[in-house]
Each structure stands twice: as structure tokens, then as C-alpha cells.
Amino acid sequence: MDVSVDGTEKFVIGVDYGTLSGRAVVVRVRDGKELGSGVFDYPHAVVTGELPEDTAGAAGIRLPGEWALQVPDDYREVLRQAVPAAVAAAGIDPSDVVGIATDFTACTMVPVKADGTPLSEVAGFADRPHAYVKLWRHHAAQPQADRINALAAERGESWLPRYGGLISSEWEFAKGLQLLEEDPESYAAMDRWVEAADWIVWQLSGNYVRNACTAGYKGIYQDGRYPSEDFLAALNPQFKDFVSTKLEHTIGRLGDAAGYLTAEAAAWTGLPEGIAVAVGNVDAHVTAPAAKAVDPGQLVAIMGTSTCHVMNGTELREVPGMCGVVDGGIVDGLWGYEAGQSGVGDIFGWFTKNGVPPAYHQAAAAAGLDIHEYLTELASSQAIGQHGLIALDWHSGNRSVLVDHELSGLIVGQTLATRPEDTYRALLEATAFGTRTIVDAFRDSGVPVKEFIVAGGLLKNRLLMQIYADVTGLQLSTIGSAQGPALGSAIHAAVAAGKYPDIRTAAAAMGSEPGSVYTPIPENVTAYEELFREYRTLHDYFGRGTNDVMRRLKAIQRNSVRALAGAGASA
């Protein structure tokens, strides 16, 4: 395919917005070669304790538990910093860049005015928590999600089975309803409830185009329509026109151009004004083309702070506990399935920060290893089951297949002899058991998993990858690119710029070849089968209503926090 107009090489930019940073990659259109990258860490990271003083204008504005916010200008700063850095690292002439595309965490929501200005940047709203970006892992809308699910089940809403029977507190409607009910003034001032994936494209192109991926998976958009006004009014009369006044907008097909780079965005990035800006996308779904995984049965797990599992299928199936199935949600012409785990790398990180004594950190430093590498080295010498532990990977709730963010983590079998490496390995295994649960749900519902491909930051842990292969019984391959989502975005940019006719063709030319391959070890598969049965027993006991102690503990915790806050206010 001719990818140039004047005999020179042409390039595209992929920008991947993660939970803590944004990264840009320069990619050659002809063959997908990655030539340079730049990373920018969000200055405000994830806002969980209190609003930042430099944006709210006053310190001490506390956030309730289970809140997770971000500051929208951190996203713009990625364009100002990471994109020019990537271009400089690549050593290319910016005039040879023909397109840019972005991907984002989801469901990450931005309340904005009609011109796209975030509500947190509007005078009088900087000290209101609900005016800020609600990050994907904001789980404080669980009560609203519970009501949505109960009402949808009671009414037999046709869209509910497309989401495995339950929608998540992470998604657009639950978060929007929470905003209405907890801060009606901010809700009234908000003109649009926008996925960050679309907001950043709006900043680049000046056009607001709603992408088909998040509309389907996070916005309950099925068969050309959203939940009805009658349904929304039954949730809350003031929520009746949520779709028509706050959410509904023109939907763009993945790989199409949403618009063209504005003069302002050209100044931010150093790229030519007028180049194609692709319709937005989600970090997980955009990775499938980067891994050349666009055929049915190829499951891609994007493993980082959380894990998202995406796969194409030829037929529509209702899979219990899935995040959604969307026509064309990954590539045109196939049904795109999504599942996920809310906590994976986050769980490992939490444990190393809070559960590992200083002596281990000192030993790791002395060995020239980070703490994860050190614990992995110790855990690698263990026989399967030697630590005597089983863990549930619910420290950030359960996204699939239980879809319940009131659930919490659990470790069974600890004794006075339990060591940090024992617990660390048990947590690695727990996340693998969570993925096995998802794979089984797909298969049991008639959506067979034929290949297992891993992308994301965790693929570097060889012990973890072998555990996943042994637990699932599937041959596992890792994507050859260290920047899978950004490469996937670049592939979409090439299509939006007209350099390839569709995503499949672009993926074949630009996608990454496999990195490492892990084959299940038969004796390990047998050993893990026994442990997995124990995991499933705990999974069903605590997750399917036999014992709701985790939910009760969350309620006790909330009541205690409210009482403490009330006492402080009185004082």
C-alpha cells in the first residue's frame, strides 16, 4: 500500500492515556515501527483524599471513601509535553506526521460546558468534587448502580443481558445519577457528560464526536438507542432527560476521523495543523489491532493497574457478568466482548507498600532489584501450593463476573509462618484465578477462547505469565510492543488519515509480532486445578450472596466515617 504522497516516509502519533500518566509514540505508517516515545506523569495523579489546593483554591476539601478524581488539564499537558518529546526522540520532521489518535481509560467521565470547558475550570465550581473528572476506578456510585440493576431486572429491560445482567458503578449512568443526587447544582450547570476519550479528541480537533466503543460498553447504547426516558424517570424524575440533554451525541465509527488538528492543538503538540484526528477509543480495545488480534477467539488481556479482557466473536451471545458485548465495538463486522478485573497491578503495588517489611526492601535494593522483582524471585522457588494460601482478588471490587464493587479482598490460610513472598505469590495466583473465571464464563456461554495474548506493563513478570498459562491451560503469548495501546491508537490514526482502508488491513501491516510465548506445564495445570476449586468455593460463598459480610463491613465503614465527620463538624 502506498503510504506516502511524495516519496517520503509518513508517520502517525498514538497517545495512550493511562491511570497515572500519558505516553505518546511515533509510529511509521509503512510497517508500524515505533521510532520514539515520550511519557508525562499527571501532576495530580489520582485525587482520592482531598481536592488539590492549586485547583480548588482552598485546602482541606475532603473526599468521601471510594472516590477517585482527576484534573483535566493534566490530560492537556500530555499533549504539550509527551508528544513533542516523542517526536524529538524519533528524530523525524513533524511535517511528515499525517495523523494522531488517542485512547483513554474508561469509564472516565468529564462534566463540561457546551464549549467543552470542564466544570472544574468554571468559576465557582473548583471547590466542588463533583465538578472534577470521575476516573474509571471511582466506585462511590455503587448505590446508584444497584438501583439501576434492580429496576432493569424488574422491568425486563432488553439491554441488561448485553452486560451480563449487571451494569457497573464505574459506568456513565451510575456516575451521572450520583452527580444529580449529590450535587444537583453541578448537574444543572453541566451541559455535557463526556467520556474523557472523547473530550481529549474534542480538545485536539474542536469537534465533539462520541466514540462507538464507550457508547456501547459504558453508555448502555444498544441497537441504536439508550435506556428510555420512562426507565430513567423511574430512577429519579429529574434524571428523565439525562440522555437527551446531557449524554446523547453524534457517534463516530472507530478508525474514522473525528476532525482535524486545530491551530491551538498544533501549537501544543508541534504537529501540523489540519492533520487527521481519529475518533477516540479505549486503551484496552485499541490494543487488539496492535496485537494483531482482530479475529474471533483471540482474547487480549491488557494487564496493568487493572486488567481488561477483549475479544471478537462472530455471534451475539449473552455472557453472565461481562462488561458488555457491542456490535463493532473493536472492529467492524464482529461482536466485541469485554470483561475485566478492577484490581491487578494495583493489588501487587498495595501489598508491596503496606505489607512488606523494611528488611525486604533493603535486601531488594542490595540485590539491585525493585521490590516486585525481589519478591518474584523468592516466590519463583516455591512449589505450587507450598504457601498454603488462597486469595480473592477483590481489593478494588469485582468487575467480572460478579460486577460488585462492594466486594473486598481476602486471604485465607495465613499463619505465623507466612512470609511476604508467600502472600505475594498468592495474590499473583488470585488474579490468574480471576482471569480463569472470565475465560470459563466465555466458553460456557458459547464464545470459545482459542488464543490468550497479554499486553500491558505486567507482561515483564515471567512468573506471572507462566502462572496465567498454567491456571488457564492456554498457551500465552505477549505482545512484542512495550506500548500496545499507543501502537493501537497509531494504527487507528493511520486509518483515519486514509493510509489504510480499514483497521484489519492496518493491523496486518502495522501490528506487533508476538514477544515471549508461555506453554502450560501439565503438572502445574493439574496442581492449579485443585487450588482453583478452592478459589471458586470462596468466590461463590462471598460473592454470590451466601455471606454478605463484605457488603456489611462496607456499610459499617461508611457509617463510621459519617459519624466521625459529623463529630468533627460539630466540634
- Query: Can a salt bridge be assigned to the pair Arg552 and Asp548 using a cut-off of 4.0 Å between side-chain N and carboxylate O?
  - Reply: no
- Note on the structure: Between the CD1 atom in Ile411 and the OG1 atom in Thr423, the distance rounded to the nearest 0.5 Å is 5.0 Å
- Message: Contact between Gln178 and Ser169 at the side-chain level, heavy atoms closer than 4.5 Å - yes or no?
- Response: no
- From CG (Leu428) to CG (Leu464), nearest 0.5 Å: 5.5 Å
- Query: How many angstroms lie between atom CG of Asp241 and atom CG of Leu247, to the nearest 0.5 angstrom?
  - Reply: 11.5 Å
- Task: Kindly indicate, with the supporting measurements, whether the criterion salt bridge (charged side-chain N to carboxylate O under 4.0 Å, His left out) is fulfilled by Arg76 and Glu121.
- Result: CA-CA 13 Å; Arg76 296 191 192 98; Glu121 297 177 2; 2.9 Å; yes
- Can you find a heavy atom in the side chain of Met311 that is under 4.5 Å from one in the side chain of Val447? yes
- Going by atom types only, do Tyr468 and Thr431 share a side-chain donor-acceptor pair under 3.5 Å? yes
- Does the distance from a Lys or Arg side-chain N to an Asp or Glu carboxylate O, for Lys246 and Glu172, drop under 4.0 Å? no
- Query: Minimum heavy-atom separation for Ala432 to Val471, with atom names?
  - Reply: O-CG1, 3.6 Å
- Item | Aromatic plane relationship, Tyr535 with His539 - under 30° parallel, 30 to 60° tilted, over 60° perpendicular | tilted
- Between atom OG1 of Thr245 and atom CH2 of Trp193, what is the distance when rounded to the nearest 0.5 Å? 13.0 Å
- Item | Near-ring test Phe104/Trp199, centroid separation under 6.0 angstrom | no
- Item | Residue that, paired with Gln70, satisfies side chain to side chain donor-acceptor pair (under 3.5 Å) out of Tyr42, Tyr75, Tyr132, Tyr17 | Tyr75
- Item | Pair Glu338-Arg399, salt bridge (charged side-chain N to carboxylate O under 4.0 Å, His left out): steps then yes or no | CA-CA 11 Å; Glu338 178 192 341; Arg399 186 183 296 164; 5.3 Å; no
- If you take all heavy atoms of Cys107 and Lys175, which pair is closest and at what distance? O-NZ, 2.7 Å
- Query: Judged by modelled atom types alone, do Asp54 and His44 share a side-chain donor-acceptor pair under 3.5 Å?
  - Reply: yes
- Measure across Leu51 and Ala126 and return the closest heavy-atom pair with its distance rounded to 0.1 Å. CD1-O, 3.8 Å
- Just say parallel, tilted or perpendicular for the rings of Trp159 and Tyr163, cut-offs at 30° and 60°. perpendicular
Can you give the donor-acceptor pairs under 3.5 Å from side chains of residues 226-234 to other protein atoms, not counting sequence neighbours?
unit_1: Tyr226; atom_1: OH; unit_2: Arg210; atom_2: NE; d: 2.9
unit_1: Ser228; atom_1: OG; unit_2: Phe231; atom_2: N; d: 3.1
unit_1: Asp230; atom_1: OD2; unit_2: Arg155; atom_2: NH1; d: 3.1
unit_1: Asp230; atom_1: OD2; unit_2: Arg155; atom_2: NH2; d: 3.0

- Message: Tell me the closest heavy-atom pair linking Val449 and Arg443, and the distance in Å.
- Response: O-NH2, 3.6 Å
- Message: Tell me the closest heavy-atom pair linking His405 and Glu66, and the distance in Å.
- Response: O-OE2, 4.2 Å
- Query: Closest approach of Gln222 and Val325, non-hydrogen atoms and distance?
  - Reply: NE2-O, 3.0 Å
- Task: For the residue pair His249 and Tyr208, categorise the inter-ring angle as parallel (less than 30°), tilted (30 to 60°) or perpendicular (more than 60°).
- Result: parallel
- Query: Considering residues, nucleotides and ligands other than Gln238, do more than 12 of their heavy atoms fall under 6.0 Å from its CD?
  - Reply: no
